[in-house]
**Student:** 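Just dropping this structure here.
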Amino acid sequence: IPETGLPGMKVDVEQLPIERNVWSPALIDIDGEKIECQIKGRGNSTWGFPRKPYTIKFEQKKSVLGLTSSKRWIFLANYRDRTLMRNAVGFEIARKTDLEWTPQGKFVELVVNGEWLGNYYVCEKIKLGKNQINYDDAFLLEYYLFIYHLKLKNNNFESYIHQKKLVNPISTNDDIYDVAVEILKS
């Protein structure tokens, strides 16, 4: 590992290559402590880049590099960001605006099976839950993104919504469906 002043994280994976949708057993070295975990690729468009992003999960919550304990951690490659700082700066700005929850993270030098992969940003996985993202707020964002995705992929998206009888399993706001259909029409 080149000496950059950043902490190094070493991951030994039983089966290479690491696949995007398949969890593989692994052993991760965090500050000299070797911990069993699982690893898989992550991302949609970012998975197609030469430098891959990853997700690791532990059986129980673990603190990584002094950060809050979590079961899942993301290794962001920041491939399209020449500064390698965009995600970290964005999370810091969010923290300064007093959002209820913002992922914590740190920069590391990542090594997988002895091969140095470079600078990665390790951060908590963004998810719904207690002490993380509020269900109702997250649902609206996720719903909007889902609708946007449908709009791009499916010429007959309004019919698709009706056929699948898509409803909001979390929110009690009956207007969400109407808003989604309006988004689709725009």
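Positions are given from 1, in the same order as the sequence printed here. Heavy-atom basis, side chains included; hydrogens, waters and symmetry copies ignored.
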**Student:** Measure across Arg80 and Arg86 and return the closest heavy-atom pair with its distance rounded to 0.1 Å.
**Tutor:** O-NH2, 3.9 Å

**Student:** So which pairs with a foot in residues 3-20 pass side chain to side chain donor-acceptor pair (under 3.5 Å), sequence neighbours left out?
**Tutor:** Thr4-Glu109, Arg20-Asn44

**Student:** Between Lys106 and Leu67, is there a side-chain heavy-atom distance shorter than 4.5 Å?
**Tutor:** yes

**Student:** Applying the 4.5 Å side-chain criterion to the ILVMFWY set and letting contacts propagate, would Leu110 and Tyr121 be lumped into a single cluster?
**Tutor:** no

**Student:** If you measure from OG1 on Thr68 to NZ on Lys61, what distance do you get to the nearest 0.5 Å?
**Tutor:** 9.5 Å

**Student:** Identify the heavy atoms of Ser63 and Ser69 that sit nearest to each other, and give their distance.
**Tutor:** N-OG, 3.6 Å

**Student:** Does Ile39 share a hydrophobic cluster with Ile74, counting links as ILVMFWY side-chain heavy atoms below 4.5 Å and allowing steps through other members?
**Tutor:** no

**Student:** Out of curiosity, does Ile18 fall in the hydrophobic cluster containing Val11 (side-chain heavy atoms, cut-off under 4.5 Å, transitive links)?
**Tutor:** yes

**Student:** If you round to the nearest 0.5 Å, how far is CD of Gln38 from CD1 of Ile56?
**Tutor:** 11.0 Å

**Student:** Check the pair Tyr54, Phe75 against ring-ring contact (aromatic ring centres under 6.0 Å, His included), reporting the backbone distance first and the verdict last.
**Tutor:** CA-CA 5 Å; Tyr54 303 104; Phe75 287 76; 7.3 Å; no

**Student:** Under a single-linkage rule joining Ile, Leu, Val, Met, Phe, Trp and Tyr whose side-chain heavy atoms are separated by less than 4.5 Å, which residues share a cluster with Leu27?
**Tutor:**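 Same cluster as Leu27: nobody, lone residue.
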
**Student:** How long is the span from the CD1 atom in Ile30 to the NZ atom in Lys62, to the nearest 0.5 Å?
**Tutor:**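 Separation between the atoms: 8.0 Å.
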
**Student:** For a quick test of reading the model, state the closest non-hydrogen atom pair linking Val13 to Ser24 and the distance between them.
**Tutor:**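 In this case the closest contact between Val13 and Ser24 is CG1-CB, 4.0 Å.
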
**Student:** Quick one: salt bridge (charged side-chain N to carboxylate O under 4.0 Å, His left out) partners of Asp29, sequence neighbours excluded?
**Tutor:**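 With neighbours one apart ignored, the set is empty.
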
**Student:** Begin with the C-alpha distance, continue with both residues' side-chain angles, and end with the deciding distance and a verdict on side chain to side chain contact (heavy atoms under 4.5 Å, CB included) for Trp23 and Thr55.
**Tutor:** CA-CA 9 Å; Trp23 289 103; Thr55 299; 3.6 Å; yes

**Student:** Report yes or no: is the cationic atom of Lys57 (NZ for Lys, CZ for Arg) under 6.0 Å from the centre of the six-membered ring of Trp73, at an angle within 45° of the ring normal?
**Tutor:**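 That pair does not qualify as a cation-pi contact.
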
**Student:** Any heavy-atom pair between the side chains of Phe58 and Ile28 that's under 4.5 Å?
**Tutor:** yes

**Student:** For the atom pair CE (Met85) and CZ (Arg82), what is the distance rounded to the nearest 0.5 Å?
**Tutor:** 14.5 Å

**Student:** Would Leu76 end up clustered with Leu65 when hydrophobic side chains under 4.5 Å apart are linked, directly or stepwise?
**Tutor:**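 Per the 4.5 Å side-chain linkage, Leu76 and Leu65 are not co-clustered.
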
**Student:** Nearest 0.5 Å, please: how far is CD in Gln104 from CD in Glu92?
**Tutor:**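 Interatomic distance, Glu92 CD to Gln104 CD, rounded to 0.5 Å: 10.5 Å.
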
**Student:** Find out whether Tyr120 and Asn78 are in side-chain contact, i.e. whether some heavy atom of one side chain is under 4.5 Å from a heavy atom of the other.
**Tutor:** no

**Student:** Could you state whether Val112 and Trp47 fall into the same hydrophobic cluster, counting links through intermediate Ile, Leu, Val, Met, Phe, Trp or Tyr residues with side-chain heavy atoms under 4.5 angstrom apart?
**Tutor:** yes

